[in-house]
Amino acid sequence: AQTVTQSQPEMSVQEAETVTLSCTYDTSESDYYLFWYKQPPSRQMILVIRQEAYKQQNATENRFSVNFQKAAKSFSLKISDSQLGDAAMYFCAYRSAWYTGNQFYFGTGTSLTVIP
Amino acid sequence: DGGITQSPKYLFRKEGQNVTLSCEQNLNHDAMYWYRQDPGQGLRLIYYSQIVNDFQKGDIAEGYSVSREKKESFPLTVTSAQKNPTAFYLCASNVGSDNEQFFGPGTRLTVL
């Protein structure tokens, strides 16, 4: 089974500053999808950004961008101009591109605190 | 509006009782999932179903059971065999091989 590792249980950032959350994964597959989910205090899981492994270009969604390093199996999330509403638990997730199994694999999460 | 509903939001049960958590989706998604979330452990897969009347065990299926009689419904029963059932339970669904999962709001189960 694939494994997803988030080595930073907690991170903090000053409001308006930039922070990077790390994620590494282990797979033997060449085609897959990677995701970052946000879980605020309400505990509703919200998709932040997704990346297709076959695309070399890093995905970007407004203040959120990723640094996808396929050879290194690394998928970090950069949050620019951090806002108080960004405070949440962030989960990295992996999903095979093959339909068989159809499972998502999640990391253990990084708790982000935004300091006013 | 399309989405996933889970009920109830909070659930209390006495030890030794079975309890069923509801999950309904109107997104017309084929696949549905149940996860358990504990502090420091992320999301762990309990069961998933890719089609009606079919489901597969996840990593921590012991003490749980599911059914998938309708496409839109995937209830989870926490049985008395589950040793430590107090947790936050999330239901999710998705369609296709290239789409993300959509999540319900979750149910917090506390066994007294």
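Predicted, not measured: the structure shown is a model, and the values here were computed from it. Order of the sequence lines fixes the chain letters, A, B, ..., with proteins taken first and strands second; residue numbering starts at 1 for each chain. Note: hydrogens, waters and symmetry copies are ignored here, and every other heavy atom, side chains too, is used.
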Measure distances from B:Leu45 to the heavy atoms of chain A and classify the residue's part below 4.5 Å as side chain, backbone, both or neither. side chain
Report the distance from atom CD1 of B:Ile60 to atom CD1 of B:Ile46, rounding to the nearest 0.5 Å. 5.0 Å
Cation-pi between A:Arg95 and A:Tyr32: NZ/CZ under 6.0 Å from ring centre and within 45° of the ring axis? no
Using non-hydrogen atoms only, which part of A:Phe91 is less than 4.5 Å away from chain B: side chain, backbone, both, or neither? side chain
Give the minimum heavy-atom separation between A:Asp86 and A:Lys38, together with the two atoms involved. CA-NZ, 4.0 Å
Flag yes if more than 12 heavy atoms outside B:Glu62 fall under 6.0 Å of its CD atom; otherwise flag no. no
Identify which part of A:Gln39 has an atom lying under 4.5 Å from any heavy atom of chain B, answering side chain, backbone, both or neither. side chain
